[in-house]
**Student:** 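Structure below; questions to follow.
Residues take their numbers from the sequence shown, with the count starting at 1.
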Amino acid sequence: MNITKMAKANEIKRDWVVLDAEGKTFGRLITEIATLLRGKHKPIYTPNVDCGDFVIVVNAPKAKFSGMKLEDKEYFTHSGYFGSTKSKTLQEMLQKHPEKLYKLAVRGMLPKTKLGRAMIKKLKVYCDANHPHSAQVSKESK
């Protein structure tokens, strides 16, 4: 008789994974990040438990985009007041706030619950190759 093993929050072992965005396609990188944050790469994956790893993205602005996305794609913000809609192109977001861009893209692939909010907190994004988590890092990804 086979018994399915369900993960418990206190049994989860979290690793720190470093991903280098330089030369990688943005969308494929984002799906890889979402998979690692959710823990779907682990055999003990349980949908209702946060069993994912910490993810560090370095060289964030150096990701590749296909087509005319840098000029055409826009991100909108609204404060709630009349006439306060503002838009930024993908290129502006990538130059000024790459952390926001990555978190916004990954957030769309995570659950829209408390669990998803806990998962997105494990994503760390940096503009260059240096990061302050060198003591925790156990895995260097390709």
**Student:** Within the supplied structure, the quantity of interest is the number of heavy atoms (other residues, nucleotides, ligands) at a distance under 6.0 Å from K112 NZ; does it exceed 12?
**Tutor:** yes
**Student:** Return all side-chain donor-acceptor pairs below 3.5 angstrom for residues 44-52, not counting sequence neighbours, or 'none' if the list is empty.
**Tutor:**
residue: Y45; atom: OH; partner: R38; partner atom: NH2; Å: 3.2
residue: T46; atom: OG1; partner: A7; partner atom: N; Å: 2.9
residue: T46; atom: OG1; partner: I44; partner atom: O; Å: 3.2
residue: D50; atom: OD1; partner: K122; partner atom: NZ; Å: 2.6
residue: D50; atom: OD2; partner: K122; partner atom: NZ; Å: 3.3

**Student:** Among V18, L37, V125, which residue meets the side-chain contact (heavy atoms from CB on, under 4.5 Å) test with V55?
**Tutor:** L37
**Student:** State plainly whether the residues K42 and D53 are in salt-bridge range, i.e. N to O under 4.0 Å.
**Tutor:** yes
**Student:** Run the side-chain contact (heavy atoms from CB on, under 4.5 Å) test on K73 and M68 for me, step by step, so that the C-alpha distance in whole Å, both residues' side-chain angles and the decisive distance to 0.1 Å come before the verdict.
**Tutor:** CA-CA 8 Å; K73 189 167 177 68; M68 298 293 292; over 6 Å; no
**Student:** Set out, in order, the CA-CA distance, both residues' side-chain angles and the distance that settles side-chain contact (heavy atoms from CB on, under 4.5 Å) for L94 and T89, then state yes or no.
**Tutor:** CA-CA 9 Å; L94 195 61; T89 64; over 6 Å; no
**Student:** Kindly compute the distance separating CD (E71) from CD (Q91), expressed to the nearest 0.5 Å.
**Tutor:** 5.5 Å
**Student:** Indicate the atoms forming the closest heavy-atom contact of I120 with R107, along with that distance.
**Tutor:** CD1-N, 4.0 Å
**Student:** How many angstroms lie between atom CG of L101 and atom CD of E92, to the nearest 0.5 angstrom?
**Tutor:** 12.0 Å
**Student:** For C127 versus P98, what's the shortest heavy-atom pair and its separation?
**Tutor:** SG-CG, 3.4 Å
**Student:** Rounded to the nearest 0.5 Å, what separates atom CG in L36 from atom CE in M119?
**Tutor:** 12.0 Å
**Student:** So, for R28 and T31, which heavy atoms are closest and what is the spacing to 0.1 Å?
**Tutor:** O-OG1, 2.8 Å
**Student:** Side-chain heavy atoms under 4.5 angstrom apart, residues restricted to Ile, Leu, Val, Met, Phe, Trp, Tyr: same cluster for L123 and I12?
**Tutor:** no
**Student:** Would you confirm whether D20, through its side chain, and E22, through its main-chain N or O, come within 3.5 Å as a donor-acceptor pair?
**Tutor:** yes
**Student:** Give a yes/no verdict on a cation-pi contact between K100 and Y102, requiring under 6.0 Å between NZ or CZ and the six-membered ring centre and an angle within 45° of the axis.
**Tutor:** no
**Student:** Could you work out, with salt bridge (Lys or Arg N to Asp or Glu O under 4.0 Å) as the rule, every residue matching K5, not counting sequence neighbours?
**Tutor:** E11
**Student:** Taking the six-membered ring for Trp, are H133 and Y126 closer than 6.0 Å centroid to centroid?
**Tutor:** yes
**Student:** Roughly how far, to the nearest 0.5 Å, is the CE atom of M109 from the CD1 atom of I33?
**Tutor:** 9.0 Å
**Student:** Which atoms form the tightest heavy-atom contact between S84 and G80, and what is the distance?
**Tutor:** OG-N, 3.8 Å
**Student:** Linking I/L/V/M/F/W/Y whenever any side-chain heavy atoms sit under 4.5 Å apart, do L29 and L104 land together?
**Tutor:** yes
**Student:** F54 vs D15, test: side-chain contact (heavy atoms from CB on, under 4.5 Å). Steps then yes/no.
**Tutor:** CA-CA 6 Å; F54 288 88; D15 293 324; over 6 Å; no
**Student:** How far does OG1 of T25 sit from NZ of K64, to the nearest 0.5 angstrom?
**Tutor:** 4.5 Å
**Student:** First locate atom NZ of K103, then atom NE2 of H97, and finally report the distance between them rounded to the nearest 0.5 Å.
**Tutor:** 14.0 Å
